[in-house]
Amino acid sequence: MRIVPVSLGSRSYQIKVGSGLLARLGAECAALKLGQRCAVITDANVGKKFARAALTSLSKSGFAPVLITVPAGEKSKRITTVEKCYDALAHHRLERKSFIVALGGGVVGDLAGFVAATYLRGIPFVQVPTTLLAQVDSSVGGKTGVNLKAGKNLVGAFYQPRFVLCDLDTLKTLPRREYVSGLAEVIKYGIIYDEVLFAKLERNLPKLLRRDVKTMAAVVARCCEIKAEVVSQDESESGLRAILNFGHTIGHAIENSSGYGKYLHGEAIAIGQVAAAKLSGQVLGLSAGEATRIEKIFVHAGLPVKIKVSAAHRKKLFAAMQLDKKVSGGEVKFVLAEKIGRVKFGCRVAPEMIDAMV
Ligand code: NAD
Ligand code: GLY
């Protein structure tokens, strides 16, 4: 098992990465004295596969867990589901000394984290991420929240989990498209922070694609280390944390303008990262050789790197970019790469350049 610390003063915690960890969930909660009662929040897909193992482990350690299952998918990340969770928690009389286990992908993690942040003004929660995206990104760093009709993640809280348990075995049942989509976030860490990781990913992509546990362990742990380092320096995204959004300005706009669901998040940000790499060449002098390596690794992973848009879609895409959270003072700001492993945030890019890129 690999342990990655997240240093946030009194809110510090550990991320544990390894095989067979779900069976240790109860013991880990007991070691931290998280409380007596607990609720496991999961979705219908994940619940079918892993709820029993989670509940058994918690019961063995003396907890009395209740299970709350929400429908799978982004549509559960909304206020009405939050309310249903509050009602279930109140019905089962979970009180201040109780805690929540988020068992699932990023949807469950964001939802259950927000419920934990707000129920009784905040009770502890732990993350048990079961998608690659959730293991390397959403379960770490404390962003929780839900969507509004007006847009994604518009209501939320920074609320850190008490620990994160990444059981690599859970990734074995993940549909291939979801797994590959998660690889787009993995590759992102190499580009923004660690050229050695990037080169390792280039070499080990076949092993990663066949979900070799040893390779996944090293890669997931390194990605978590990078996210932990960034978040420790800038928990509330007043600066550095923005680098985690490399490829997301265009990626979010693709997701939004195509109708959510057409492209998975990782697919959209793969296209966004390749576009950002091309812009990086023009704005920061990223070499053509490195821009090509970036494009190639996404292609080899099986991710899309281009989007064909009609004139009408192009209009929608640009409107969506204007809505992006990273727009300040009416200007779209980008995270761009100087070289693989080093990026700058807050870069101005002329609209004509973006237009030529997509
Ligand atoms: P998801 O949670 O919807 O999971 C994808 C699908 O896989 C779902 O159908 C789910 O039921 C299924 N699934 C999950 N684990 C499985 C497993 N082990 N085996 C089989 N099926 C499994 O999607 P996601 O990609 O994990 O997360 C996307 C969400 O994460 C978005 O809402 C996004 O906004 C959010 N997000 C949050 C942060 C953050 O910092 N909080 C960062 C990135 C993304
Ligand atoms: N996923 C981006 C962040 O956590 O800041």
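For ligands, and for the atoms within them, numbers begin at 1 and follow the listed sequence.
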(message) I need the nearest protein heavy-atom contact for atom 24 (P) of ligand 1: residue, atom name and distance, please.
(response) Gly106 N, 3.5 Å

(message) I'd like to check the ring-ring contact (aromatic ring centres under 6.0 Å, His included) partners of Phe246; sequence neighbours left out, ordered by chain and number.
(response) none

(request) Check whether any N or O atom of Asp137, backbone or side chain, sits under 3.5 Å from an N or O atom of ligand 1, and answer yes or no. (result) no

(request) Keeping to residues at least two apart or across chains, list the side-chain hydrogen bond (donor to acceptor under 3.5 Å, both in side chains) pairs with something in residues 95-116. (result) Lys77-Asp110

(message) Asp110 versus ligand 1: do any nitrogen or oxygen atoms come within less than 3.5 Å of each other?
(response) yes

(message) Let's go through Arg11 and Tyr159 carefully: what are the C-alpha distance in whole Å and the side-chain angles of both, what is the deciding distance for side chain to side chain contact (heavy atoms under 4.5 Å, CB included) to 0.1 Å, and is it a yes or a no?
(response) CA-CA 9 Å; Arg11 286 165 294 107; Tyr159 194 65; over 6 Å; no

(message) I need the nearest protein heavy-atom contact for atom 6 (C) of ligand 1: residue, atom name and distance, please.
(response) Glu178 OE2, 3.6 Å

(request) Using heavy atoms and a cut-off under 4.0 Å, could you grab the residues that are in contact with ligand 2, chain by chain, numbers ascending? (result) Asp137, Lys143, Lys227, Glu237, Arg241, Leu244

(message) With the threshold set at under 4.0 angstrom, would you say His252 reaches ligand 1 through any of its heavy atoms?
(response) no

(request) Please write down residue, atom name and distance for the protein heavy atom closest to atom 44 (C) of ligand 1. (result) Leu133 CD2, 3.7 Å

(message) So, regarding Thr130 and ligand 1 (criterion: nitrogen or oxygen to nitrogen or oxygen, under 3.5 Å), is there a contact or not?
(response) yes

(request) Could you say whether the N/O atoms of Val107 and ligand 1 ever approach to under 3.5 Å? (result) yes

(request) Using the test side-chain hydrogen bond (donor to acceptor under 3.5 Å, both in side chains), find all partners of Arg177 that sit at least two apart in sequence or belong to another chain. (result) Glu267

(message) Checking the N or O distance criterion of under 3.5 Å, is ligand 1 in contact with Glu185?
(response) no

(message) If you measure every N or O of Thr173 against every N or O of ligand 1, does any of those distances drop under 3.5 Å?
(response) yes

(message) Could you identify the single nearest non-hydrogen protein atom to atom 18 (N) of ligand 1 and state the distance to 0.1 Å?
(response) Thr170 O, 2.8 Å

(request) Tell me which protein heavy atom sits closest to atom 7 (O) of ligand 1, plus the residue, atom name and distance to 0.1 Å. (result) Leu174 CD1, 4.0 Å

(request) May I ask you to identify the nearest protein heavy atom to atom 38 (C) of ligand 1, giving residue, atom name and distance to one decimal place in Å? (result) Ser138 CB, 3.2 Å

(message) Is Pro175 close enough to touch ligand 1? Criterion: a residue heavy atom under 4.0 Å from a ligand atom.
(response) yes

(message) In this structure, does ligand 1 have an atom that sits under 4.0 Å from one of the heavy atoms of Lys152?
(response) yes

(message) For atom 11 (O) of ligand 1, what is the closest protein heavy atom, and at what distance to 0.1 Å?
(response) Asp43 OD2, 2.8 Å

(message) Using a plain distance cutoff, I'd like to know if Lys49 has any nitrogen or oxygen under 3.5 Å from a nitrogen or oxygen of ligand 1.
(response) no

(request) Using distance alone, determine whether Asn45 and ligand 1 share an N or O pair under 3.5 Å. (result) yes

(request) Would you sort out whether Arg314 and Asp355 count as a salt bridge (charged side-chain N to carboxylate O under 4.0 Å, His left out), showing the intermediate values? (result) CA-CA 9 Å; Arg314 180 173 290 268; Asp355 196 39; 2.9 Å; yes

